[in-house]
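Let me begin by presenting the structure, written as structure tokens, before commenting on it.
Here is the naming used below: chain letters follow the sequence lines, and residue numbers restart at 1 for every chain.
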Amino acid sequence: MSQYRDTAAGSIGVETVGASVKVAGWVARRRDHGGVAFVDVRDASGLVQVVADPDEIDTVADLRMEFCVSVTGEVRPRPDGTTNPDLPTGMIEIGAQSIEILSPAEALPFMLDDRVEVDERVRLEYRYLDLRRSTMAANLAARSKATAAIRRTLEDLGFLEVETPTLVASTPEGARDMLVPSRLREGHFYALPQSPQLFKQLLMISGVERYFQIARCYRDEDLRSDRQLEFTQLDLEGSFWGQDEVLDAIEQTLVAATEAVRGVRLIEPFPRFTWQEVMDRYGTDKPDIRFGMEVVDLVELFAESDFGVFKGALESGGVIRGINTGRREFPRSRADELTEVAKANGAKGLVWMVVNDDRTLRSPVAKFLNEEEITGIIDRLEGQPGDVLLLVADRWKTAVTVLGTLRAMLGRPDDHDQLAFLWVTDFPMFEEEDDGSITFSHHPFTTPQDVDVMATDPEKALSKAYDAVLNGVELGSGSVRIHDPALQRRVFEILGIDAETAERMFGWFLRALRYGPPPHAGFAFGIDRLVMILQNVESIREVIPFPKTQSGMDPLTGSPTIVEDTQLAELGLTLRPETRTRLEEP
RNA sequence: GGGGGCGUGGUGAAGCCUGGAGUUCACGCCGGCCUGUCAAGCCGGAGGUCGCGGGUUCAAAUCCCGUCGUCCCCGCCA
């Protein structure tokens, strides 16, 4: 009950007929017939039609779209034949007794309905108007429902919500840090956290046992449709836990969030795959399993092949794999395009084949293959007439990755109605860089599955790390952490980080590990990405109220901005001359 | 750092390939008419440095080069 209204616009139904109500909101539409005028008033709850006689209410002629108004009137049934079944409030209307203009609005920079797709830069410049649109309001609501459900679930499971600092020490690993200069310690810098990783591990050592946080994280890397400079994670950690306990807790939060947003109860447990399995079957560590088109091993077929490309690949220890992309048009241009994709992903080439009606193959390489091989390919890939088969002969990693990329390109469904959550476990401990050196595939606090293998054969070593994947999108990752300082030192050693360097970078953390750390494990997933998929939108920016453009700018506030020299001076900073010159150019 | 798409009254599009008067359509805006609409309707009107700079040409929204903005992608994102 307020000075401006006593009833939510969207809540008014036939049971309210006869009552005098006061609603407040925005003019969504005005339909002025001269002798009678209809005004759709929208508030956060919905929309209701107000009917006004211009002779009685002179303000009605002044109303324009998105004026903020307060309306007093009587709820009455709509006359026969004028009800609107498309509207929740379509059976009734408010006969206006008075309309007060709380504030006028200028002519809008764009229409707030969903009929036209407005340039995103303009939407962001007037984001406060953009957010009035029902789709955007629904995205905000979905996000709120998701986080509320997550909080509720974790509270029930006995978790403690703890905040960790956002002004932290910079570490050289991982993504580029967002830096914040310190005034009190000139020449020193904070970093904004890429994740609360080490703090949550400290909380385990602190005896918290079950921690979670809906944490803002920052990574100063290039933006994408699913990446922003700042994003939100559900961060979680448990003591005396292993992988199963983590996956169970995370699964419960995902189930709760999905039910809250979609009203759908997911089937548990989510399917689990090892990293090796998803790489072999789907050619990626974040497979979209809403469709098949799995990668098939064809090595045995070609063990004796005379075809140079296949022979060469096998002799150098490679593999031959293929996918059946199904029946589709396959002009030469398409073949060239896919070959380019294969090459861009490191393959030397791509072998394509179209199954003919007589179970022969139309393919540039068909003449190099004998009948047995052709039949074998069609059988193994379950080829039907018209199916396009794609084969890659290369190093294992290259072959499966290329086919995985093509599979995603050609097979991915374009709607998100179906939700295919899954777990990927048993990630390799290390990845090979282009220069041949190794780097951790998760982070250096991840427990190896076998310490000896890690030491003798690091490229084969598996870790206790796991990912959550939804519809081909990596939602998040976690691991069982190292709680033994000796093991932690050994991992650093293998990575080529000597004791002195480790001490300098993480000494404070290694010291904490000397004071009885409990075994612990945890996880973090991106809430923006989750809500984006649940809401079936193509960009993470649709579920972030005030996002940045691809160049990291906010068209609304103009950030980032230049600052006064006096501000820089307080921080002990000066801009480099060439930077200053560039800023002074028109 | 690289590849690609887009940039035309306030908004969305067409025009660009094949150069010839700022032309067109829809929404919005302003004014008028109108008593049952719900994307109201009808009549009239205003509004544009075709992102910006340079070049080619008798002539550029259109062709070329550069640049800025934006989006998608590669690199990057432990």
Exercise. Return yes if the base of B/rG69 and the side-chain atoms of A/E120 contain a donor-acceptor N/O pair under 3.5 Å, otherwise no.
Key: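 In this structure, the two groups form no donor-acceptor pair.
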Quiz item: Per the atom types in the model, does the base of B/rC38 pair as donor or acceptor with the side chain of A/N84 at under 3.5 Å?
Solution: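 Flag set: donor-acceptor pair detected.
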N or O in side chain of [X] less than 4.0 angstrom from [N] OP1/OP2:
X: A/T549; N: B/rU70; answer: yes
X: A/R541; N: B/rC72; answer: yes
X: A/Q550; N: B/rC72; answer: yes
X: A/R31; N: B/rU37; answer: no

Quiz item: Are A/D554 and A/R127 close enough for a salt bridge, meaning some N to O gap below 4.0 Å?
Solution: no
Quiz item: Salt bridge check: are A/D32 and A/R30 linked by an N-O gap of less than 4.0 Å?
Solution: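 Looking at A/D32 and A/R30, the cut-off is met.
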Between [X] and [Y], is there a donor-acceptor pair closer than 3.5 Å when you use the side chain of the first and the backbone of the second?
X: A/R541; Y: A/T549; result: no
X: A/T401; Y: A/K397; result: yes
X: A/D498; Y: A/T501; result: yes
X: A/Q228; Y: A/P547; result: no
X: A/T164; Y: A/P196; result: no
X: A/S441; Y: A/P428; result: yes
X: A/D288; Y: A/V473; result: no

Practice problem: Check the distance between B/rC34's C1' and A/D55's CG and give it to me in whole angstrom. | Solution: 13 Å
Quiz item: Tell me: CG of A/D554 to C1' of B/rU70, nearest whole Å?
Solution: 14 Å
Please write out each protein N/O paired with an N/O of nucleotides 26-32 of chain B under 3.5 Å, distance rounded to 0.1 Å.
{"from": "B/rC30", "atom 1": "OP1", "to": "A/R64", "atom 2": "NE", "distance (Å)": "3.0"}
{"from": "B/rC30", "atom 1": "OP2", "to": "A/R64", "atom 2": "NE", "distance (Å)": "3.3"}
{"from": "B/rG31", "atom 1": "OP2", "to": "A/R64", "atom 2": "NH2", "distance (Å)": "3.4"}

Would you indicate what [X] reaches in the nucleic acid, counting non-hydrogen atoms under 4.0 angstrom: base, sugar-phosphate, or nothing?
X: A/T171; result: nothing
X: A/E93; result: base
X: A/S479; result: nothing
X: A/Q194; result: nothing

Pairwise [atom1] distance, [M] and [N] [rounded to whole Å]:
N: B/rG3; M: B/rG10; atom1: C1'; result: 34 Å
N: B/rU23; M: B/rC42; atom1: C1'; result: 25 Å
N: B/rC25; M: B/rU18; atom1: C1'; result: 23 Å
N: B/rA60; M: B/rG51; atom1: C1'; result: 16 Å
N: B/rG41; M: B/rG55; atom1: P; result: 49 Å
N: B/rG53; M: B/rC17; atom1: C1'; result: 25 Å
N: B/rA13; M: B/rG28; atom1: C1'; result: 14 Å
N: B/rG7; M: B/rU62; atom1: P; result: 12 Å

Quiz item: Relative to the ring of A/F445, is the ring of A/H443 parallel (under 30°), tilted (30 to 60°) or perpendicular (over 60°)?
Solution: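 The rings of A/H443 and A/F445 sit tilted, inter-plane angle from 30° to 60°.
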Self-check item: A/F110 ring over B/rU11 six-membered base ring, under 5.5 Å and 30°
Solution: no
Quiz item: Are A/F523 and A/W423 close enough that their ring centres sit under 6.0 Å apart?
Solution: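 Centroid separation for A/F523 and A/W423: below 6.0 Å.
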Quiz item: Hey, are A/T398 and A/R395 close enough side-chain-wise for a donor-acceptor pair under 3.5 Å?
Solution: yes
Return the nucleotide paired to [N]: Watson-Crick means purine N1 to pyrimidine N3 with N6-O4 or O6-N4, wobble means G-U with N1-O2 and O6-N3, both under 3.5 Å.
N: B/rU67; value: B/rG51
N: B/rG36; value: none
N: B/rC29; value: B/rG45
N: B/rC58; value: B/rG20

Self-check item: Derivation and outcome, side chain to side chain contact (heavy atoms under 4.5 Å, CB included), residues A/D130 and A/L124
Solution: CA-CA 7 Å; A/D130 192 42; A/L124 292 181; 5.7 Å; no
Self-check item: Non-hydrogen atoms of A/G34 and A/P54 that approach each other most closely
Solution: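 Scanning both residues completely, I find the closest heavy atoms to be O-CG, 3.1 Å.
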Hey, what are the protein-to-nucleotides 41-49 of chain B N/O distances that come in under 3.5 Å?
none

Quiz prompt | Sorted by number, the residues of residues 214-232 of chain A with heavy-atom contact under 4.0 Å to RNA chain B | solution =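 Of all residues in residues 214-232 of chain A, the ones placing a heavy atom under 4.0 Å from RNA chain B are A/R219, A/E221, A/D222, A/R224, A/S225, A/R227.
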